[in-house]
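All values derive from a computational prediction rather than experimental measurement.
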Amino acid sequence: MPQIIEITDFHLPQLDVYARLSEVQLRRFFEPKPGIFLAETKTVIARAIEAGYEPVSFLIEDKKKKDLEPFVSWTEKVPVYAAEHELLKKLTGYELTRGMLCAMRRKELSAPDKILNGARRIAVLENVMNPTNVGAIFRSAAALNMDAVLLTGGCADPLYRRAIRVSMGTVFQIPWTYLEGGAQEGALTGIHWLRENGFLTVSMALRDDSVSIRDPKFRAAEKLAVILGTEGEGLCDETIENSDYTVRIPMSHGVDSLNVAAASAVAFWELGRRLQDE
């Protein structure tokens, strides 16, 4: 039977992960080992468990208890904290999407070379700091034939609650990890390393020497890495200069660029077409 505990005391230390710890604190919860993240909604939690992440506890709205049925093997092992909607909103400080949260253990991240084993189309994110954009990029990457995602240290954590929610749990379905080095150094190190491993590197940027994303050489490339930069400022000059090509999406009506999440969807669709046609 599930270990359902009705919440009567907001100050239970077991509720700290939902109510009083920041996402940074959760990330460091078990230092030096990986920490905790919060997964939201039944679908996302199921995708996380399928990917090998282990629940620590559940937080659920009373009227949603039936949604625990797919997780019975876990709810018999870990506690389930329950309360009415308004009490949970007061506890967490936000509306629970579909009435369920799950605190889960992080896993050790894989090395980049393991992530790229067999990959032919990958996304590289340089300092994309908005969790919503990171989540949206992951969703597009998973849907549009990207095999993996590499991030510099300046990017928002893909396992932040908002990033996970926006991605619809695809952060658990597509391999990802961080590049070594700092924000800028990581991208440069990644470019040289990718080139050594046979990848053509293309930076998405607005430059006079940019090549159209429709250029057939990109579709023909056996291995291709699409590099996307932070909101507003875009990619660092050094990243662009060290890439094989600078690529731009044709615009109309005087629009100069798309949001990085929207641009990623267009880029992944066009540059992943070789895989779509095989």
Side-chain angles (χ1 to χ4, degrees), residues 112-113 115-129 133-134 136-155 174-181 183-251 255-278:
D113 57 350
I115 291 292
L116 293 191
N117 186 26
R120 297 169 61 192
R121 292 291 185 272
I122 69 166
V124 181
L125 308 188
E126 180 187 84
N127 305 342
V128 180
M129 296 174 282
N133 283 336
V134 169
I137 292 169
F138 265 86
R139 188 172 182 180
S140 294
L144 299 172
N145 298 292
M146 294 294 108
D147 296 314
V149 178
L150 298 176
L151 306 95
T152 66
C155 289
I174 185 166
W176 63 272
T177 196
Y178 286 99
L179 291 161
E180 294 182 1
Q184 183 175 327
E185 294 84 356
L188 292 177
T189 300
I191 287 172
H192 296 308
W193 178 68
L194 288 166
R195 191 177 290 128
E196 290 172 359
N197 283 273
F199 281 85
L200 189 71
T201 57
V202 296
S203 286
M204 302 297 298
L206 301 173
R207 298 268 290 236
D208 292 338
D209 59 351
S210 294
V211 179
S212 172
I213 197 171
R214 297 171 182 155
D215 192 305
K217 71 168 68 72
F218 302 130
R219 186 174 180 183
E222 181 64 27
K223 293 182 176 182
L224 190 67
V226 186
I227 308 171
L228 298 149
T230 189
E231 305 82 356
E233 296 180 5
L235 292 169
C236 297
D237 290 339
E238 292 86 351
T239 300
I240 296 171
E241 290 163 4
N242 282 275
S243 299
D244 294 313
Y245 292 95
T246 304
V247 174
R248 71 189 303 164
I249 299 169
M251 298 282 138
V255 177
D256 62 352
S257 65
L258 296 172
N259 165 275
V260 64
S264 74
V266 176
F268 298 161
W269 166 255
E270 183 62 34
L271 299 176
R273 287 178 64 188
R274 172 172 178 160
L275 304 188
Q276 298 165 25
D277 295 340
E278 291 181 354

With sequence neighbours excluded, tell me which residues meet side-chain contact (heavy atoms from CB on, under 4.5 Å) with [X].
X      : value
Thr177 : Leu109, Pro112, Ile115, Leu150
Val211 : Asp215, Lys217, Phe218, Tyr245
Ala123 : Val149, Phe268

### Task
Report, as yes or no, whether the 6.0 Å neighbourhood of atom CG on Asn259 holds more than 12 heavy atoms from other residues, nucleotides or ligands.
yes

Closest approach of [X] to [Y] (non-hydrogen atoms, all atoms of both residues):
X      : Y      : answer
Leu235 : Met204 : CD1-O, 3.6 Å
Ser203 : Ile240 : OG-CA, 4.0 Å
Ala263 : Ile249 : O-CD1, 3.8 Å
Cys155 : Leu125 : SG-O, 3.2 Å
Ile191 : Ser243 : CD1-OG, 3.7 Å
Val260 : Gly229 : CG2-O, 3.4 Å

Hey, what do you get for [atom1] ([X]) to [atom2] ([Y]), rounding to the nearest 0.5 Å?
X      : Y      : atom1 : atom2 : result
Asn145 : Leu224 : CG    : CG    : 12.0 Å
Leu228 : Ser264 : CG    : OG    : 6.0 Å
Arg248 : Leu258 : CZ    : CG    : 11.5 Å
Phe138 : Leu151 : CZ    : CG    : 5.0 Å

May I ask you to decide if [Y]'s main-chain N or O and [X]'s side chain share a donor-acceptor pair within less than 3.5 Å?
X      : Y      : answer
Glu180 : Thr189 : no
Arg121 : Glu222 : yes
Ser140 : Ala262 : no

Report yes if some heavy atom in the side chain of [X] is under 4.5 Å from a heavy atom in the side chain of [Y]; otherwise report no.
X      : Y      : answer
Leu194 : Leu116 : yes
Met129 : Thr230 : yes
Val124 : Thr201 : no

### Summary of ring-ring contact (aromatic ring centres under 6.0 Å, His included) pairs that have at least one residue in residues 221-244, sequence neighbours excluded
none

### Message
My understanding is that only residues two or more places apart in sequence, or in another chain, count here; which of them pass salt bridge (Lys or Arg N to Asp or Glu O under 4.0 Å) with Arg195?
### Response
Asp244

### Listed partners of Asp209 passing salt bridge (Lys or Arg N to Asp or Glu O under 4.0 Å), at least two apart
Arg207

